[in-house]
Amino acid sequence: MARALEARVRRHARGVGVLVTRHLALAVTLAFVVRPPLAAQLPAADQAFQRGDYAAARASYERVLAADSSNERALYRLAILDSWDGKLVRSLARFAKLRRIDPHDPDIIVTQAQVLAWAGRTAASEALYDSVLLRFPDRADALAGRARTIAWGGDLDRAEALWRTALERHPDDPELLVGLAQTLYWKGQPDLAEVYATRARAVAPEDRAVRDLARAVRAALRPEIATNVDGASDSDKNDFLAQEATVTASLGSDLRGRLRAGWRHATDQAGDGSSYWAGGNVIAALGHGAVLRAGLGVRRIQPDVVAARTPFTAELGLGLRPARYAAVSVGYSRTPFDETAGLMRQDLTIDAVDFSFDISPGPGWSVSGGGGGAWFSDRNRRYSAVGAVLGRVVKGLQIGPFARVMGYREPRLGLYFTPVRFSVIEGRAVYQWQRNRWGLRADGGLGSQQVQAFGSPPAPHQTEWHVGLSLSRDWGANNEIALVGSITNSGAATNAAHVTSEAFRYRTLGLRFRQGL
C-alpha cells in the first residue's frame, strides 16, 4: 500500500512539474512576443520627437506610459509636449511626478523652471534655476533661463547684468546672445540690441529665434512708411472717407521720429466738409521699460457753410512696461472734434486725458481696461471707462466679457450725441489664425446696451451686437497689408444727435499698408 501511495505521489509530482513547465514556457514565449513591441515604443517615440512628428511622438509616449507609469523618458517628453501645446497645468503636474521619481536631475529641473516661467510663476522659476546653479554654476541653459525669467518679471536692468555675466563665461552661446539682444530691445535700445543680434546670427545662422529677432531689431532701426485708408457710414446718412500717411525713422539710439499728414471728407444730409492735417511726434526710450511720446501738429477744417479754421493739435504720453506681459499708458491730447460734417460746422476742440492698461496673467489670457475724461471747448465734459477679459478656449479662440460706460455733463441736443449715461455689456469672442504669413482675425459680440438722456429715466435695455473682420498678409519683419471691416448697432460708434436704437447701424471699411525702407 505504501508503494502504491508513493507511486501515486510521484505521478502527481510529474504532472505538476509538466504543468509548471508548460506555464513557464508560455510566460517566456509571451515575454518574447509581447515585450519587444512595447520596448520598441520608446525609441520609436524618440525618433518621432526628433524629426518633429509630435503627434506620433505623443501617441507613442502615451503607450509607453500606459505600460510603465513611472517611465522617466516618456513623462519628460510628454511634459515638454504639453508645455508646447499651452497645457501648462498638465505639464507642471507631470514635472511634479518626475521630481518625485528623480528629484535631482538638472535637465528636469531646468525644463520645469522654464515651464513655471511660461505660467507666470517667475519667483518659483528663479528659485529652481538658482538650485541648479548652486551645483553647476557654469551651466549655460540655467544662466539663460534665470536671466530670461527676471526679464519677463520686468527687472530689465538686473536681467541685462545677468546676461552680460553669463556671456563672460560663454561668449559664443547663441541663447545668451539673443537673450541680451532681446532685453536691450525691450529697454528701447535697438542699436545695442543689433550688435548682439548680429553676433548671435553669426554663431547660429539657422536658428529661427535668432533670425526673427535680428529682423525685428533691423526693422526698429530702419525708416518705415505707412498709410491707412478708412471709410464709414451709418444709418443716419453720416459718411466719411479719410486717408493718413506716416514716415517713421530713427533719430538716435533712443529716439524715433514720425511725420504724418492726412485728409478727411465727410458728408451728411445737410452738406459736406473737409479737413486736412500735418504734424509730427517723437518717441523716446527713457529706460526701465518707459517710453515718452510727444507731438505737435496743425489741422485745417473747411466746412461747407461757415468759415474755415486752423487749430493746433498736441499729444503727450507716457508708456510703461513693468513686466513682459504688462503695459500701462497715460496720455493727453488736444484735437478738433470733426468726425462728421455736422461737427465740422461746430468749431469744437477736445482736451482729453486717457489711461489704459493691458495685462496677460497667463498664456491665452488678457485683461485690459482704461478710462478718461474729455473737456470740450463749449464747456461740456465727458467721462468714459472700458474693461475686458479674454480667455483661451481652444487654440486661436478667446472669449470673455466686455463692458463700457460713457456720459456727458450737459446735453447738446441737435449738435452731438450727449447721453447722461450710455452703457454696454456684452460677451465677446475673438478668433485669430496665422499661416504662411497670412493672418485672419474675427471678433464679435452680443449683449445689452442702455441709454439715459437728460431729464429722462433710463431707456429700456436694447440688444447690442457687432462683427469685425481683418485679413492681413505680412512679409519681412514689419511689412504688412491688411483689409479691415466692421458693422455694429452700438450707439457708442456715432455722434448722432438722437438717442440710439436697435435700428441704428454703423459700418466701417479700411485698408492698412506698412513698408520698411
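Since we're looking at a predicted model, the values are computed, not measured.
Glu175 places none of its side-chain heavy atoms less than 4.5 Å from the side chain of Leu143. Leu292 has its side chain out of reach of Ile283: every pair of non-hydrogen atoms, C-beta onward, lies at least 4.5 Å apart. Side-chain atoms of Tyr129 and Val110, non-hydrogen and from C-beta on, do get closer than 4.5 Å to each other. Inter-residue side-chain proximity for Arg148 and Arg146 is flagged as unmet; no heavy-atom pair is nearer than 4.5 Å. The shortest distance between side-chain heavy atoms of Gln432 and Val430 falls below 4.5 Å. Within the 4.5 Å cutoff, no side-chain heavy atoms of Leu318 are placed close to those of Val328. Two residues are said to be in side-chain contact when any heavy atoms from C-beta on lie closer than 4.5 Å; Leu511 and Ile481 meet this criterion. Inter-residue side-chain proximity for Asp46 and Arg77 is flagged as met; some heavy-atom pair is nearer than 4.5 Å.
A distance of 8.0 Å separates CG in Asp358 from OG in Ser360, rounded to the nearest 0.5 Å. How far OG of Ser470 is from CG of Leu440: 7.5 Å, rounded to the nearest 0.5 Å. Atom-to-atom distance recorded for Arg264:CZ and Tyr276:OH is 12.5 Å, nearest 0.5 angstrom. Asn281 CG to Arg260 CZ: the interatomic distance, rounded to the nearest 0.5 Å, is 5.5 Å. Rounded to the nearest 0.5 angstrom, Arg94 CZ and Lys87 NZ are separated by 9.0 Å. Atom CG of Asp239 and atom CG of Asp236 lie 10.5 Å apart (nearest 0.5 Å).
Shortest non-hydrogen contact noted between Thr508 and Ser486 is OG1-OG, 2.6 Å. Nearest heavy-atom pair, Thr149 versus Thr122, reported as atom, atom and distance to 0.1 Å: CG2-O, 3.5 Å. Of all non-hydrogen atoms in Ala142 and Leu133, the two that sit nearest each other are CB-CD2, 3.6 Å. In this structure, Ile109 and Ser131 approach most closely via the heavy-atom pair CG2-OG, 4.0 Å. The heavy-atom pair separating Leu42 from Ala74 by the smallest distance is CD1-N, 4.5 Å. Between Gly370 and Phe357, the shortest heavy-atom contact is N-CE2, 4.1 Å.
Residues satisfying the side chain to side chain contact (heavy atoms under 4.5 Å, CB included) criterion with Gln450, sequence neighbours excluded, are Arg421, Ser423, Pro458, His461. By the ring-ring contact (aromatic ring centres under 6.0 Å, His included) test, Phe402 pairs with no residue at all, sequence neighbours left out. Residues passing the salt bridge (charged side-chain N to carboxylate O under 4.0 Å, His left out) test with Asp230 are Arg512, sequence neighbours excluded. Checked against side chain to side chain contact (heavy atoms under 4.5 Å, CB included), Thr227 has the following partners two or more places apart in sequence or in another chain: Gln243, Ala245, Phe513.
No salt bridge links Asp234 with Arg507; every basic N to acidic carboxylate O contact stays at or beyond 4.0 Å. Between Asp82 and Arg58, at least one side-chain N (NZ, or NE/NH1/NH2) sits under 4.0 Å from a carboxylate O, which counts as a salt bridge. In summary, Arg473 and Glu480 do not engage in a salt bridge, as defined by a charged side-chain N under 4.0 Å from a carboxylate O. Taking 4.0 Å as the cut-off between side-chain N and carboxylate O, Glu244 and Arg258 do not count as a salt-bridged pair.
Legend: ring pair (Phe, Tyr, Trp, His ring centres under 6.0 Å) pairs involving residues 233-264, not counting sequence neighbours: none detected.
A donor atom on one side chain and an acceptor atom on the other are not found under 3.5 Å apart for Thr488 and Trp465. There is a side-chain donor-acceptor pair under 3.5 Å between Tyr196 and Arg164. Residues Tyr76 and Thr111 have side chains that bring a donor and an acceptor to within less than 3.5 angstrom of each other.
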Verdict with supporting geometry, Val210 and Arg201, side chain to side chain contact (heavy atoms under 4.5 Å, CB included): CA-CA 6 Å; Val210 173; Arg201 187 72 185 272; 4.0 Å; yes
Evaluation steps, side-chain hydrogen bond (donor to acceptor under 3.5 Å, both in side chains), between Asn238 and Thr340: CA-CA 7 Å; Asn238 290 299; Thr340 66; 4.8 Å; no
Residues Leu483, Leu509; criterion side chain to side chain contact (heavy atoms under 4.5 Å, CB included); working and verdict: CA-CA 8 Å; Leu483 181 66; Leu509 186 65; 4.3 Å; yes
Worked check of side chain to side chain contact (heavy atoms under 4.5 Å, CB included) between Leu156 and Glu160: CA-CA 6 Å; Leu156 299 181; Glu160 180 185 351; over 6 Å; no
Side-chain donor/acceptor pairs under 3.5 Å, residues 386-398, sequence neighbours excluded:
unit_1, atom_1, unit_2, atom_2, d
Gln398, NE2, Gly364, O, 2.8

